[in-house]
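Atom set for the values below is all heavy atoms of this structure, side chains included, hydrogens, waters and symmetry mates excluded. The model shown is predicted, which means the values in this text are computed figures rather than measured ones. Chain identifiers are assigned alphabetically (A, B, ...) following the order of the sequence lines, protein sequences preceding nucleic acid strands; residue numbering begins at 1 within each chain.
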2 protein chains.
Amino acid sequence: MDVKTPTPPATVDEFRDRLAALADSLPRRLQQCADFIAANTDRIAVSTVAELAAGADVPPSALMRFCQILGFSGFSDMQRLFREAWSPGPPDYSTRLRNLKAGGAGRPAALLAEFVEAGRLSLESLTKSVDEAALDRAVGLLAGAGMIHLVGLRRAFPVASYLAYVFEKMQVPALLHDGVGKLDHRFALRPGDALLAITFAPYSPETLALAQDARERGLAVVALTDQAGGPLARLASAALVVPEVDFGAFRSLSATIALALALAVAVGSARGG
Amino acid sequence: MDVKTPTPPATVDEFRDRLAALADSLPRRLQQCADFIAANTDRIAVSTVAELAAGADVPPSALMRFCQILGFSGFSDMQRLFREAWSPGPPDYSTRLRNLKAGGAGRPAALLAEFVEAGRLSLESLTKSVDEAALDRAVGLLAGAGMIHLVGLRRAFPVASYLAYVFEKMQVPALLHDGVGKLDHRFALRPGDALLAITFAPYSPETLALAQDARERGLAVVALTDQAGGPLARLASAALVVPEVDFGAFRSLSATIALALALAVAVGSARGG
DNA sequence: ATCAAAATGGAATATTTATTCCATAGCCCG
DNA sequence: CGGGCTATGGAATAAATATTCCATTTTGAT
């Protein structure tokens, strides 16, 4: 690094500006530093070089270089800026949440608080209610399958499509049945494959039909649904039940996605990824 | 120091209680420490022993004794309490992921716990970092639009598709640009419409291109992204920044979906739904 | 493909910071 | 007024932390 920035930023705002100006002009490791620092500016004051470096997933020396590029003499110099400006705002989650809710039920911020709360509740009850045995069984079935078929429509479609993305990233053969063009790919279901079906009440008839079909052909069916005794769970070889908390007519999907992701990553690593 | 307090305070509130309980029962120098600390509790996280001691006008060793009387093993121990209260535990997911891989490829239940935790952290930091003004602006822009165009690919596609579902339920005219068949519907962008674009690093070129296009045609562009200075944020009339916590290569999307949902519902009700 | 320049990671070192220890000073109770 | 106790300050040591340096790898240009 030859072109120096000889004067360090004097305020936090200046710091942010300089960071933004730098974006995309940095080599890989330093870009990682920049990204992490931009997202965690408020931790600078209370962290060590080693901690921040670990967070950004770079060696400490990379972070040092990063500080110098910004014009500081070193990390301590940069940290001083943030320590002096330190004001411990409301670090408290519940206080902040109350503030968001206060002042008008219709305001976007109040809505956001509701959805955040719903998501948190879902996640909490997921850890309590998850059936580990069923999860292990589901991982086993999918890990042993030739191709994994994914189906989920309407509300469940985001989940199914995220799974398709994750499986692709992990190079696990998976096919998303998305119903585009009203084609149905049921003849793609071949012996040795498995179906991962996702649907919540009111259950999509298309999803149930495909699950039924798969079952009749002898494929393993893994269900991700909201009711242990529901129509999809009854068809499945392994049923994962998610207690999603609704807010109004909408569900946050937090718990569903967390479970789906855990399932996918477990399957991916079981297949030797 | 006769009466020991063998267990350190576990929370900031507990700390304050103990401090209050101690008041007036201390020798002179330690009382000075207590007074100064009580008045400057929030500087503990960002100061050194020497700085605080100087502030309280006592030698450093007096401050050390003070920490021990409160039940801590030393100053560092006390400081940790305040540093963690601000940003609870460094998520340090890259390390944890490595550990998981090392320690038996991750039992599914352990993976699930990680994803749940990541989701929880994301939601918490969303409440802390959300920009209410930007959110209000975004709602205004989308509520006033003729048609809302949605774009989000790869990781962001689940979010975009969920938004499409929610808008449809609320009878808000919205069009999902999903790239099926490599068609692009850029000519569907008409004056008076707005674009809601979603992308995270590494940014999808297609999404950026569409956002650029929309901007050039004078449409309002609302961004949902992960970096305030990122390429999408720079194009947008209103940028919503989501601090999603990654776990390995995967993100839980909890915070993103919560924010998207709040946005959608606010828009829906602003349009008189 | 080859070379020069740039970037990187890790180990060695320097610096700062926390902590302990103990000789001395101050206090209280007789 | 003295003896026993506690509190105190500062110097010595230990620990954590930042910083530099350089051998190696990667990148980019030709």
Side-chain angles (χ1 to χ4, degrees), chain A residues 1-6 8 22-37 40 43-84 86, chain B residues 1-6 8 22-37 40 43-84 87 90 92 94-95 98 202:
Chain A
M1 64 249 61
D2 29 318
V3 184
K4 293 281 187 158
T5 312
L22 234 43
D24 306 329
S25 72
L26 291 170
R28 194 171 113 264
R29 287 277 109 114
L30 296 180
Q31 188 64 52
Q32 275 176 257
C33 293
D35 292 347
F36 183 81
I37 290 295
N40 298 78
R43 293 228 187 102
I44 296 174
V46 293
S47 302
T48 66
V49 172
E51 284 165 0
L52 292 175
D57 197 25
V58 300
S61 49
L63 223 162
M64 289 302 302
R65 278 195 294 272
F66 175 76
C67 297
Q68 287 164 354
I69 286 180
L70 257 61
F72 299 103
S73 79
F75 174 75
S76 304
D77 194 28
M78 176 170 106
Q79 193 174 51
R80 183 169 40 248
L81 174 65
F82 291 92
R83 288 196 163 171
E84 282 167 5
W86 175 260
Chain B
M1 60 196 128
D2 30 327
V3 183
K4 294 280 187 153
T5 313
L22 236 45
D24 305 330
S25 72
L26 291 170
R28 196 171 61 85
R29 285 279 111 115
L30 296 182
Q31 188 62 53
Q32 275 177 255
C33 292
D35 292 346
F36 183 80
I37 290 294
N40 298 77
R43 298 229 48 99
I44 296 174
V46 293
S47 302
T48 66
V49 173
E51 285 164 1
L52 291 175
D57 197 26
V58 301
S61 49
L63 223 164
M64 289 302 300
R65 279 194 295 275
F66 175 76
C67 297
Q68 287 162 355
I69 285 179
L70 257 64
F72 298 102
S73 79
F75 175 74
S76 303
D77 195 28
M78 176 170 105
Q79 193 173 51
R80 185 169 42 247
L81 175 65
F82 291 92
R83 290 190 168 175
E84 285 173 2
S87 60
D92 198 2
S94 44
T95 312
R98 224 173 296 128

Whole angstrom value for the distance that separates P of C:dA7 from CZ of A:Phe66: 14 Å
Are side-chain heavy atoms of A:Leu22 and A:Leu70 found at a separation under 4.5 Å? yes
Could you give the CZ-to-C1' distance, from A:Arg28 to C:dG9, as a whole number of Å? 11 Å
Quick one: list whatever passes ring pair (Phe, Tyr, Trp, His ring centres under 6.0 Å) with A:Phe82, sequence neighbours left out. A:Phe15
Just the rounded figure in Å: distance from C1' of C:dT8 to CD of A:Gln31. 16 Å
Does A:Ala62 offer a backbone N or O that forms a donor-acceptor pair with the side chain of A:Arg29 under 3.5 Å? no
Please report the distance, rounded to the nearest Å, between CZ in A:Arg29 and C1' in C:dG10. 13 Å
Using the salt bridge (charged side-chain N to carboxylate O under 4.0 Å, His left out) criterion, which residues pair with B:Asp57? Sequence neighbours excluded. none
So CG of B:Leu52 and SG of B:Cys67: to nearest 0.5 Å the spacing works out to 8.5 Å
B:Leu81 side chain reached by B:Phe72 side chain, heavy atoms, under 4.5 Å: yes
Restricting to nitrogen or oxygen on both sides, can you table the protein-nucleotides 14-21 of chain C pairs closer than 3.5 Å?
| residue | atom | partner | partner atom | Å |
| --- | --- | --- | --- | --- |
| C:dA18 | OP1 | B:Val49 | N | 3.3 |
| C:dA18 | OP2 | B:Val49 | N | 2.7 |
| C:dA18 | O3' | B:Ser76 | OG | 3.0 |
| C:dT19 | OP1 | B:Ser76 | OG | 3.4 |
| C:dT19 | OP2 | B:Phe75 | N | 2.4 |
| C:dT19 | OP2 | B:Ser76 | N | 3.2 |
| C:dT20 | OP2 | B:Gln68 | NE2 | 3.0 |

